[in-house]
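Remarks on the structure that follows.
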Amino acid sequence: MMTPWFAPILWDGSYNIDILNAQFHQRHVRIGLTVFAIKKYTVFMKTFIETAEKFFMVGYKVNYYVFTDRVKEMPNITLADGRQLVVLEVPSYKRWQEVSMRRMEMIRDNSSKRFINEVDYLVCVDVDIKFTDEVGVEILSDVFGTLHPGYFRAPREHFTYERRKASAAYIPPDEGDFYYAGGYFGGTVEEVYMLTSFCHSEMMTDKGNNIEAIWHDESYLNKYFLYHKPTKVLSPEYLWDDNIEVPEVLKRRRSVIVPKNYNAVRNR
Ligand code: 2GW
Ligand code: MN
């Protein structure tokens, strides 16, 4: 429940939400939830927002920041008091790898321009998820990552870090604490700015050298966390994959990956 650098690993039962709520309400914290719905991924929006209304930071001031190239396809959903949906129109990239990777640049740019004036913390997630149980202020910290559901019990040798030395995302075989998921990280706006700046510029370095890390943005995120340790680590309760058999330690599933009809939503 604790990393060797004394960051809590959040499992059900490791915290008292009433104490945390009292602390965070006292500070009137505002939370931004960033999500990207580019091209056909707009189909995930309705479920994403509806389930977030039910389970994500209920009772807090929440801004949904939706980056999309299809503004007209945004669902019209009535939100609870104190919550708003901010649609940010962005260009779409042709390659799907780039669609995923460019999120770092867009989060970075909006952190300094907009998010810093509007919220205290950012939570940055994939859109192909649905919330199925409470996610509250227990996750908030300077900078946090999430254990990838496929690797949280795996030995380091199995982590799918970038292993080519030519890439800026390279991680030596004898280094690396956890394998973090690309689709769920966050922290204060300042910390998320630093994280996304790092990931974007390392991606650009690689691009200049005609190399792209094996798992795209996820590989650069793992590199960042190796040398800038997260101050909280979310257990896979926060991002579960129902294709994996539920282990005994997993008492709650707070968000799960929505099964994709690959042909319908991806044109690789
Ligand atoms: C992605 C792959 C193939 C074709 C299209 C797309 C796509 C992604 C798209 O057309 N439109 C779009 O908005 N996206 C955004 O990128 C969307 O927010 C989506 O959740 C995110 C990542 O793509 P996804 O969810 O299809 O990829 P996963 O779940 O396999 O992602 C993991 O690995 C990625 C890198 O390959 C990222 O690190 C991601 O954060 C991981 O969860
Ligand atoms: Mn995804």
Side-chain angles (χ1 to χ4, degrees), residues 32-49 51-52 64-75 85 87-108 110 122-132 144-152 159-162 167 169 171 178-186 192 195-196 198-200 202-203 206-207 211-225 234 236 238-244 255-268:
L33 182 59
T34 72
V35 73
F36 288 71
I38 310 285
K39 300 181 204 175
K40 294 181 183 170
Y41 274 50
T42 52
V43 298
F44 295 108
M45 277 302 296
K46 190 169 186 281
T47 303
F48 180 86
I49 301 288
T51 60
Y64 296 100
Y65 294 114
V66 183
F67 296 76
T68 187
D69 58 337
R70 299 185 180 182
V71 174
K72 289 195 202 107
E73 290 178 21
M74 288 301 105
L85 200 140
V87 177
L88 303 166
E89 191 170 8
V90 291
S92 70
Y93 286 88
K94 210 167 137 221
R95 292 175 62 241
W96 70 263
Q97 294 89 341
E98 194 120 11
V99 168
S100 184
M101 290 173 36
R102 287 283 173 170
R103 293 183 293 172
M104 293 294 186
E105 181 182 29
M106 296 186 227
I107 295 169
R108 178 198 67 181
N110 279 279
L122 288 170
V123 180
C124 309
V125 298
D126 272 13
V127 74
D128 59 337
I129 62 167
K130 63 179 180 204
F131 294 92
T132 51
F144 64 86
T146 304
L147 302 181
H148 191 296
Y151 299 94
F152 76 103
F159 295 170
T160 57
Y161 292 148
E162 175 55 63
S167 169
I171 295 181
F178 300 108
Y179 190 75
Y180 301 97
Y184 208 131
F185 62 86
V192 170
L195 180 159
T196 52
F198 172 93
C199 292
H200 178 64
E202 299 299 89
M203 279 174 200
D206 275 0
K207 201 179 170 70
I211 189 166
E212 188 171 84
I214 178 166
W215 287 107
H216 320 107
D217 40 288
E218 188 168 82
S219 304
Y220 299 92
L221 179 72
N222 272 279
K223 180 72 178 258
Y224 184 77
F225 280 148
L234 313 191
Y238 289 87
L239 182 59
W240 190 249
D241 181 346
D242 277 334
N243 292 315
I244 304 171
S255 69
V256 299
I257 299 169
V258 176
K260 278 189 275 296
N261 177 341
Y262 284 88
N263 287 328
V265 297
R266 291 182 164 186
N267 336 300
R268 292 200 177 189

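Order of appearance sets the numbers: ligands from 1, and atoms from 1 within every ligand.
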Numbered atoms and elements of ligand 1 in range of [X], under 4.0 angstrom, heavy atoms:
| X | value |
| --- | --- |
| G183 | 40 (O), 41 (C), 42 (O) |
| G182 | 38 (O), 40 (O) |
| V127 | 17 (C), 18 (O), 20 (O) |

TODO: Describe, in one word, how the ring planes of Y64 and F48 are oriented to each other, choosing from parallel (under 30°), tilted (30 to 60°) and perpendicular (over 60°).
DONE: perpendicular
- [ ] Have a look at ligand 1 and work out which part of V99, if any, has a heavy atom under 4.0 Å from it: side chain, backbone, both or neither.
- [x] side chain
Task: Note, C124 side chain near F36 side chain (heavy atom, < 4.5 Å) - done: no
- [ ] Please tell me if the side chains of Y180 and F185 come closer than 4.5 Å, counting only heavy atoms from C-beta onward.
- [x] no
Quick one: does [X] get a heavy atom under 4.0 Å from ligand 1?
| X | result |
| --- | --- |
| K260 | yes |
| A181 | no |
| M101 | no |

TODO: Check each of E218, H216, R103 against atom 39 (C) of ligand 1 and report the one with the nearest heavy atom.
DONE: R103
Task: Those residues that, when tested against E105, pass salt bridge (charged side-chain N to carboxylate O under 4.0 Å, His left out) (two or more places apart) - done: R102
Open item on the list: D206: which residues meet the salt bridge (charged side-chain N to carboxylate O under 4.0 Å, His left out) condition with it, sequence neighbours left out?
Closed with: none
Open item on the list: Give me the number of protein N, O or S atoms whose distance to the Mn ion (ligand 2) is under 2.8 Å.
Closed with: 3
Open item on the list: Whether D126 and R103 form a salt bridge (side-chain N of Lys/Arg under 4.0 Å from carboxylate O of Asp/Glu) is what I want to check.
Closed with: yes
Open item on the list: Looking at A37, is its backbone amide N or carbonyl O close enough to the side chain of T68 to form a donor-acceptor pair, meaning the two atoms are under 3.5 Å apart?
Closed with: yes
Open item on the list: Please enumerate all residues that pass side chain to side chain contact (heavy atoms under 4.5 Å, CB included) together with N243, with sequence neighbours excluded.
Closed with: D241
Open item on the list: Set out, in order, the CA-CA distance, both residues' side-chain angles and the distance that settles side chain to side chain contact (heavy atoms under 4.5 Å, CB included) for D128 and I257, then state yes or no.
Closed with: CA-CA 6 Å; D128 59 337; I257 299 169; 4.2 Å; yes
